[in-house]
Amino acid sequence: MKKIIALLLVVVLSVGMLAGCGKSNSGNNSGTTKNDGAGTTNNGTDDSKEVNLVLYLWGGEGVANKDILAKLNEKLKASINTTIEVKYIDWGDIATKYPLLWSSGEQFDMAYVSSTANVPYSTLVKQDALYDITDLIDKDAPALKTELADKWNNVKVDGKIYAVPNNYSEYTAYGFVSRKDLMDKYKVPTIGSIADMEKYMDAAVADGKVPLNGSVNLANDLYRMLIATTGGWLNAPGIPSSELYLAADKSDTSKIFAPAFTDEFEAFAVKMNEWAKKGYWSKDILSSSQDDKDNFYNDLSAAYISHQPDWTGNYGNQVLKLPGVETEFYSFPEANGKIVKATGVGAATGISKNSKYPDRCLKVIEKLMTDKECYNLFQYGIEGREYEVKDGKITQPASYDATKDGGGFAAWAFRTDALNIPQATEDPRRYTLNEAWSKVAIDDPFIGFNFDTAKVNTELSAIANVDAQLGIQILLGKTSQDPKAAVADYRKQLKAAGIDNVLKELNDQWAAYNASK
């Protein structure tokens with residue numbers, strides 16, 4: 001998802017990481033392997049042969065990455081006689097190169113996987129692209145087994161484990177980000193509803209500001225707003241979350257449906273048409289290349305829509321570009337009791353079926369997730385160069401020079417709460433909100449369920465095309481038709497594309513899954 005990626009890139013590249021993974025772990029990692037000097041580790045496996053593993057991550061290579069990786073490899077070699085080579089799939093190439101990575105037969109060992117990736121985790125499993133690590137965990141990652149004790153079920157497919165999930169608490173609830181100074185100016189004391197948003201945006205238009213001055217990507221965020229603010233609707237599997245996805249009601253999750261065929265969607269289409277006419281976004285939004293968030297921090301927009309970690313993660317950007325400005329966040333799902341726990345395969349590491357060393361892969365993943373020195377290196381960089389810790393927070397040293405010291409890895413699949421250090425560039429409300437939401441968050445009802453799309457891939461492709469054209473235009477109020485007529489046309493096109501076949505196959509699999517539990 002564009003904003004999840006943008007957030008993590010900002011966090012990774014704006015700070016650095018720490019030196020050295022030791023031979024022994026600190027914290028809750030007493031079971032990690034340690035070389036005894038004779039080529040055998042304390043779990044009885046043979047590490048006498050030096051091995052180099054290839055790890056694929058999203059993003060580009062920072063100028064300091066090779067230096068960081070060299071220090072990391074020194075420690076990995078000393079402890080488990082293994083080194084890693086990181087290869088990158090640049091942000092702009094993910095849509096094409098990530099699927100190709102898995103279909104080309106290329107020899108590599110590990111890669112980032114996710115239920116929302118361009119090739120979803122469950123699809124990779126069905127394609128036999130990932131190694132079944134179920135029986136390796138006890139032997140090769142005993143500390144990781146304990147660390148992720150309550151997470152393994154989240155990544156099981158047909159009772160087997162094919163990926164190592166992260167262990168980082170995060171609630172990716174979407175919401176409306178506004179400026180406190182403008183709220184005061186417009187006499188809008190609080191924003192806690194769509195009506196409040198409209199008051200704020202009406203005042204912004206009158207003040208000569210474009211409220212949601214973004215690109216075509218805004219359509220997906222508006223759709224997320226629809227799902228999150230409508231009754232008991234929850235995100236459901238079946239269609240990727242980067243498109244106009246499916247939903248279920250939290251009061252009865254036995255039936256997954258297409259929101260496009262509801263009265264609520266039609267009413268929303270009418271409202272979005274009104275918003276477009278009011279000037280809530282620019283008339284050329286379909287051809288604009290700058291997102292609403294970028295325009296917001298460049299003082300070219302009064303608001304933007306994103307998820308909580310993206311908002312709090314941009315605190316440093318806010319301080320730099322909008323000095324003295326405070327922001328507010330209206331969480332869409334909170335009022336309806338729909339904060340969902342961030343579980344499942346949001347960010348994980350999969351081992352390629354073609355890897356010759358799945359056991360070593362697990363050992364490396366364990367080191368990167370349970371060894372404090374390894375973790376700090378991989379997440380933050382070299383201490384004193386990319387980062388330093390002040391008042392318990394990661395910050396840049398005074399000597400930091402982005403042209404020489406900039407770098408870092410898109411390593412969010414390896415993050416853990418136990419070793420995470422807050423960033424000075426994060427809004428502290430991230431942690432207060434996470435704490436509050438942890439007490440009221442609901443479980444994702446679809447955890448453990450993986451939709452096999454093999455029978456409906458043609459239909460899903462056709463639906464994606466319809467969504468990318470008419471669906472997006474409806475959400476941005478940019479159709480040549482009356483919005484109700486456009487919705488009727490949209491529904492006809494979805495039917496022709498095969499939405500009914502997708503819903504039937506999906507609900508049949510969902511029913512069978514529930515019956516088997």
Side-chain angles (χ1 to χ4, degrees), residues 174-179 182-183 185-231 233 243-245 247 258-288 290-293 295-296 300-306 328 330-333 335-336 466-494:
Y174 271 76
F176 182 77
V177 180
S178 57
R179 287 175 51 158
L182 295 182
M183 290 173 63
K185 180 180 180 180
Y186 303 153
K187 294 181 171 52
V188 180
T190 185
I191 297 178
S193 67
I194 299 294
D196 291 338
M197 286 173 55
E198 290 178 316
K199 291 177 185 177
Y200 177 82
M201 291 192 289
D202 285 339
V205 171
D207 194 31
K209 290 184 175 291
V210 180
L212 294 169
N213 189 15
S215 68
V216 69
N217 292 325
L218 176 63
N220 296 84
D221 292 334
L222 293 170
Y223 188 77
R224 295 181 183 102
M225 181 176 73
L226 165 67
I227 302 296
T229 57
T230 302
W233 287 11
E243 300 172 25
L244 306 189
Y245 50 86
F261 294 89
T262 64
D263 292 340
E264 289 88 348
F265 182 86
E266 183 180 75
F268 191 75
V270 172
K271 182 176 284 292
M272 293 304 98
N273 183 262
E274 293 171 353
W275 281 17
K277 290 178 178 177
K278 283 185 173 184
Y280 285 3
W281 44 81
S282 63
K283 292 182 179 180
D284 63 348
I285 190 169
L286 293 177
S287 59
S288 177
Q290 189 90 328
D291 278 352
D292 53 353
K293 182 180 72 176
N295 281 325
F296 180 87
L300 298 173
S301 179
Y304 72 97
I305 294 173
S306 190
E328 295 291 328
Y330 157 46
S331 168
F332 297 144
N336 292 331
V466 174
D467 285 342
Q469 297 298 318
L470 186 53
I472 294 299
Q473 293 174 19
I474 288 172
L475 290 171
L476 294 174
K478 289 296 180 182
T479 64
S480 58
Q481 304 170 282
D482 168 85
K484 290 187 177 181
V487 169
D489 188 17
Y490 178 50
R491 290 169 175 170
K492 289 180 182 178
Q493 290 190 32
L494 287 176

message: So I191 and E328, do their side chains get closer than 4.5 Å, heavy atoms only?
response: no
- request: Answer whether the closest heavy-atom distance between the side chains of K278 and M201 falls below 4.5 Å.
  value: no
- prompt: Under the side-chain contact (heavy atoms from CB on, under 4.5 Å) criterion, do F268 and L475 qualify, and how do the steps go?
  reply: CA-CA 8 Å; F268 191 75; L475 290 171; 3.8 Å; yes
- prompt: Hey, are R224 and D221 close enough for a salt bridge, meaning a charged N less than 4.0 Å from a carboxylate O?
  reply: yes
task: Taking the side chain as every heavy atom from C-beta outward, state whether F332 and M197 have any atom pair closer than 4.5 Å.
output: yes
task: Would you please indicate if the ring centroids of Y245 and Y223 are separated by under 6.0 Å?
output: yes
- request: List for me each residue that meets salt bridge (charged side-chain N to carboxylate O under 4.0 Å, His left out) alongside K484, sequence neighbours excluded, and say none if there are none.
  value: none
Going by atom type alone, with no hydrogens or angles, which donor-acceptor pairs under 3.5 Å involve a side-chain atom of residues 205-213 and a protein atom two or more places apart or on another chain?
{"from": "D207", "atom 1": "OD1", "to": "K185", "atom 2": "NZ", "distance (Å)": "3.2"}
{"from": "D207", "atom 1": "OD2", "to": "K185", "atom 2": "NZ", "distance (Å)": "3.1"}
{"from": "D207", "atom 1": "OD2", "to": "Y186", "atom 2": "OH", "distance (Å)": "2.8"}
{"from": "N213", "atom 1": "ND2", "to": "L300", "atom 2": "O", "distance (Å)": "3.0"}

message: Under a 3.5 Å distance rule, please check whether K283 uses its side chain to pair with a backbone N or O of A276 as donor and acceptor.
response: no
- prompt: Donor-acceptor pair, T229 side chain versus M225 backbone, under 3.5 Å?
  reply: yes
message: Under the criterion side-chain contact (heavy atoms from CB on, under 4.5 Å), I'd like the reasoning laid out for D196 against F176: C-alpha separation, chi angles, the key distance, then a yes or no.
response: CA-CA 11 Å; D196 291 338; F176 182 77; over 6 Å; no
- request: Please name all residues satisfying ring-ring contact (aromatic ring centres under 6.0 Å, His included) with Y280, sequence neighbours left out, ordered by chain then number.
  value: W275
